[in-house]
Asks: 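So that we are looking at the same thing, I have put the structure below in structure tokens.
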Amino acid sequence: MSTGSSDVTTPGSVAAAVAVQEELRPLVDLVGPGPSAPATVAGLDVAYAKSGDLLAAAVTVLDARTLAVVDSAVCVGRPAFGYVPGLFAFRELPALLAALDRLTTRPALLVCDGHGLAHPRRFGLACHLGVVTGLPAIGVGKTPLVGEWVPPAAERGAWSPLRDGNDVVGRVLRTQAGVKPVFVSVGHRMSLDNATAQVLALTPRYRLPETTRTADRLCRDALTQAS
DNA sequence: GCGACAG
DNA sequence: ATCTTGTCGC
């Protein structure tokens, strides 16, 4: 039967990938506001081999109160798509979904390494993962993809809006005093206020959320063992 | 036409 | 993302 247009994770061309994003974008829940006190929060990240033909995706689930890792899973595979800014999600999505399937728990929130609405078509990785899984999701990027912004004040918790055209697509958030800010955006079933609050709760000490840090270590270790 | 461009 | 030396600082 048909194979291309019905698969929302592995399109066969750039045009098909863009079409998938346009097709799924209306399914994003922009209302939220999402859980104010999630019991568990998942971090997702991917590491690539230097050769570029192998990757490891990891998901770590943390107790939101203690930030201890209570569950985790990895998936080693191949990039499912070339790297194209704006279509980045298609590279990592299959491996990340496979890792999510291997969890024994169902996290209350996904914290993705990349953007959500702060995307040219308002459908970055965090939106895609949220829509496909049905889970609340947010994006936390280390560098901007779209939008204009001014640096927030130097203290932890300070933020400034990330604007693209007439839209506020996210926030530039200072998670540690005097440290380069991160870019927070809504993925699915979350308000921007709540997304900001959750990121601050996950960054008691470092610039990046503990979820991202634990997932990063796990996928790097998995990649080392695989290669 | 020229840069910019999540990871 | 990954490749990379040294350097500053707790």
Side-chain angles (χ1 to χ4, degrees), chain A residues 9-10 14 17-18 20-21 24-25 28 43-60 74-99 110-132 137-149 162-165 167 169-173 175-188 192 195 199 204-209 211-227:
Chain A
T9 62
T10 58
V14 165
V18 171
V20 168
Q21 293 183 331
L24 297 184
R25 177 175 54 183
V28 174
L44 302 89
D45 194 23
V46 173
Y48 294 84
K50 51 191 173 186
S51 43
D53 54 0
L54 194 67
L55 62 72
V59 184
T60 53
V74 298
C75 173
V76 174
R78 304 219 158 242
F81 206 84
Y83 174 64
V84 181
L87 299 178
F88 159 69
F90 295 102
R91 239 173 127 59
E92 312 189 333
L93 213 44
L96 285 172
L97 290 172
L110 303 181
V111 177
C112 309
D113 192 20
H115 301 290
L117 295 178
H119 175 278
R121 286 170 296 279
R122 308 290 182 264
F123 197 74
L125 174 66
C127 298
H128 210 140
L129 275 166
V131 166
V132 171
I138 63 175
V140 180
K142 296 181 285 293
T143 62
L145 172 61
V146 296
E148 304 90 49
W149 52 282
L162 177 61
R163 291 194 177 85
D164 189 30
D167 302 330
V169 297
R171 271 177 197 172
V172 186
L173 177 66
T175 55
Q176 295 299 327
V179 169
K180 187 162 58 152
V182 299
F183 299 78
V184 178
S185 59
V186 166
H188 186 55
L192 188 51
V199 171
R205 170 139 193 216
Y206 299 102
R207 178 195 177 217
L208 298 178
T211 39
T212 301
R213 291 167 46 78
T214 54
D216 180 74
R217 288 200 320 187
L218 182 55
C219 62
R220 288 198 196 199
D221 290 347
L223 190 59
T224 298
Q225 294 181 42
S227 47

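Note that these values count all heavy atoms, side chains included, but never hydrogens, waters or copies made by symmetry. Chain letters run A, B, ... following the sequence lines, proteins first and then strands; every chain starts at 1. Note that the structure is predicted; figures quoted are calculated from it, not measured.
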Asks: Just the rounded figure in Å: distance from C1' of B/dA6 to CG of A/L44.
Replies: 15 Å
Asks: Distance from A/K142 atom NZ to A/H115 atom NE2, nearest 0.5 Å?
Replies: 9.0 Å
Asks: Please classify the nucleic acid contact of A/A118 as base, sugar-phosphate, or nothing, using heavy-atom distances under 4.0 Å.
Replies: nothing
Asks: Categorize A/P144 for me: base, sugar-phosphate, or nothing, with a 4.0 angstrom heavy-atom threshold over every strand shown.
Replies: sugar-phosphate
Asks: If I take atom CZ in residue A/F183 and atom C1' in nucleotide B/dG7, what distance separates them, rounded to the nearest angstrom?
Replies: 14 Å
Asks: In whole angstrom, what separates A/W149's CH2 from B/dA6's P?
Replies: 13 Å
Asks: In terms of the angle between their ring planes, are A/H128 and A/F90 parallel, tilted or perpendicular, with boundaries placed at 30° and 60°?
Replies: perpendicular
Asks: Checking all strands, does A/L87 fall into the base, sugar-phosphate, or nothing category for heavy-atom contacts under 4.0 angstrom?
Replies: base
Asks: Please give, in whole Å, the distance from B/dA6 C1' to A/L96 CG?
Replies: 13 Å
Asks: With salt bridge (charged side-chain N to carboxylate O under 4.0 Å, His left out) as the test, would you mind laying out the steps for A/R213 and A/D45 before giving the verdict?
Replies: CA-CA 9 Å; A/R213 291 167 46 78; A/D45 194 23; over 6 Å; no
Asks: What integer distance in Å separates A/R91:CZ from C/dA1:C1'?
Replies: 8 Å
Asks: Answer yes or no as to whether B/dG7 has its base stacked against A/Y83, where stacking requires a ring-centre separation under 5.5 angstrom and planes under 30 degrees apart.
Replies: yes
Asks: A/L223 has an atom CG; how far is it from atom C1' of C/dA1, in whole Å?
Replies: 11 Å
Asks: Could you state the atom-to-atom distance from CG of A/D164 to P of B/dA4 in whole Å?
Replies: 17 Å
Asks: Heavy atoms only, 4.0 Å cut-off, all strands: where does A/L125 land among base, sugar-phosphate and nothing?
Replies: base
Asks: So, OP1 or OP2 of B/dG7: does either fall under 4.0 Å of a side-chain N or O from A/T143?
Replies: yes
Asks: Nearest to the side chain of A/H115, which nucleotide is it out of B/dA6, B/dG7, C/dC3?
Replies: B/dA6
Asks: So if I take every side-chain heavy atom of A/L145 and compare against B/dC5, C/dT2, B/dG7, which nucleotide ends up nearest?
Replies: B/dC5
Asks: What does A/G141 touch in the nucleic acid at a heavy-atom separation under 4.0 angstrom: a base, only the sugar-phosphate, or nothing?
Replies: sugar-phosphate
Asks: Which of these, A/D164, A/V169, A/V146, A/L145, sits in a side chain to side chain contact (heavy atoms under 4.5 Å, CB included) with A/H119?
Replies: A/L145
Asks: What is the separation between atom CD on A/Q21 and atom P on B/dA6, rounded to the nearest whole Å?
Replies: 14 Å
Asks: What is the distance from atom CG of A/D216 to atom CG of A/D221, rounded to the nearest 0.5 Å?
Replies: 9.5 Å
Asks: Looking across every strand, which nucleic acid part, if any, lies under 4.0 Å from A/G86 by heavy atom: base, sugar-phosphate, or nothing?
Replies: base
Asks: Would you say B/dG7 has OP1 or OP2 under 4.0 Å from some side-chain N or O of A/K142?
Replies: yes
